[in-house]
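Worksheet: one structure, shown below.
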Amino acid sequence: MSQQSQLPPLIEALDRASEWLGRTLSWLIIIMMLIQFSIVLLRYVFSINSIFMQELVMYMHAAVFMLAAGYTFRHDGHVRVDIFYRKLSARRQALINLVGILALLMPVMVFIIATSTGYVSKSWRIFETSPDYGGIPAVFVLKTMIPLFAVLMLLQGAVEVVRNMYILTGRITPPSEDESHLEERI
């Protein structure tokens, strides 16, 4: 995106970090598929069951879903019902985005952090393990992804607040119509 270089250095660094994290986590999808294929092969061909491998797929799925949510938000890949939004000017879209982030996204993420912190810290205190024999002994790590998800979303939300404020004030140009709604080109 050419508009990245026009953002303040800290915001640009956060944006690049989100991009890097999302791209890095995307490799887990391929690894997940290979492990899932191995699970099926082991179970139905060799009658071998592995709780560890099954939980590993679950951990990776949680990591991709929760830790790459900021990346998805950055690329406007989240679910949006845009009956009117698409037809609005770039500045009005930026205003709607700004209000949505400040009034909805940020309070919900703060709530998630506030309500999950005790839950996660209790899990860390006892180093919670899998309830299944042979499972991954790190449920506390899995639970840590909950507040981490919210922190990453808050950081990406801050990036988007600045980006939308810059669009509103005319400091950066919004993506052209050709760049947005790429899914409709197919």
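Basis for what follows: all heavy atoms, side chains included, without hydrogens, waters or symmetry-related copies.
For the pair Tyr59 (side chain) and Val139 (backbone), a donor-acceptor distance under 3.5 Å is present. For Ser123 (side chain) and Tyr119 (main-chain N/O), no donor-acceptor pair under 3.5 Å exists by modelled atom type. At least one donor-acceptor pair closer than 3.5 Å links the side chain of Thr24 to the backbone N or O of Trp20. Side chain of Glu55 to main chain of Gly135: no donor-acceptor pair is present (N/O by atom type, distance under 3.5 Å, no hydrogens or angles). Without hydrogens or angle criteria, Ser121 side chain to Gly118 main chain gives a donor-acceptor distance under 3.5 Å.
Taking CD1 of Ile172 as the start and CD1 of Ile167 as the end, the distance is 4.5 Å to the nearest 0.5 Å.
Linking Ile, Leu, Val, Met, Phe, Trp and Tyr whenever their side-chain heavy atoms come within less than 4.5 Å puts Val151 and Ile101 in one cluster. In the hydrophobic cluster analysis, where Ile, Leu, Val, Met, Phe, Trp and Tyr join through side-chain heavy atoms closer than 4.5 angstrom, Phe149 is grouped together with Val64. Residues Leu42 and Val45 share a hydrophobic cluster, clusters being chains of Ile/Leu/Val/Met/Phe/Trp/Tyr side chains in contact below 4.5 Å. Residues Met60 and Ile29 fall within the same hydrophobic cluster, defined by Ile, Leu, Val, Met, Phe, Trp and Tyr side chains chained together at heavy-atom separations under 4.5 Å. Using a 4.5 Å cut-off between side-chain heavy atoms of Ile, Leu, Val, Met, Phe, Trp and Tyr, with links allowed through other members, Phe111 and Val120 fall into different hydrophobic clusters.
Counting non-hydrogen atoms of neighbouring residues, nucleotides and ligands closer than 6.0 angstrom, the CH2 atom of Trp124 exceeds 12 such neighbours. Around the CE atom of Met165, the shell of radius 6.0 Å holds no more than 12 heavy atoms that belong to other residues, nucleotides or ligands.
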- prompt: Going through the checks in order, is the side-chain contact (heavy atoms from CB on, under 4.5 Å) test met by Ile113 and Leu154?
  reply: CA-CA 10 Å; Ile113 292 168; Leu154 281 172; 3.6 Å; yes
task: Tell me, with the steps shown, if Gln6 and Tyr166 meet side-chain contact (heavy atoms from CB on, under 4.5 Å).
output: CA-CA 9 Å; Gln6 298 171 349; Tyr166 273 35; 5.5 Å; no
task: Using the side-chain hydrogen bond (donor to acceptor under 3.5 Å, both in side chains) rule, take Gln54 and Asn49 through it: C-alpha gap first, then chi angles, then the decisive distance, then the call.
output: CA-CA 9 Å; Gln54 290 174 0; Asn49 189 22; 2.9 Å; yes
- prompt: Should Met145 and Phe65 be marked as a side-chain contact (heavy atoms from CB on, under 4.5 Å) after you check the CA-CA gap, both sets of side-chain angles, and the distance that decides it?
  reply: CA-CA 10 Å; Met145 288 188 217; Phe65 182 79; over 6 Å; no
query: Could you walk me through whether Leu7 and Arg171 pass the side-chain contact (heavy atoms from CB on, under 4.5 Å) check?
result: CA-CA 9 Å; Leu7 295 173; Arg171 288 183 173 175; over 6 Å; no
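The pair Arg163-Glu160 meets the salt-bridge criterion, since a charged nitrogen lies less than 4.0 angstrom from a carboxylate oxygen.
Closest heavy-atom contact between Leu67 and Leu21: O-CD2, 3.4 Å.
Between Leu102 and Met106, some side-chain heavy-atom pair lies under the 4.5 Å cut-off.
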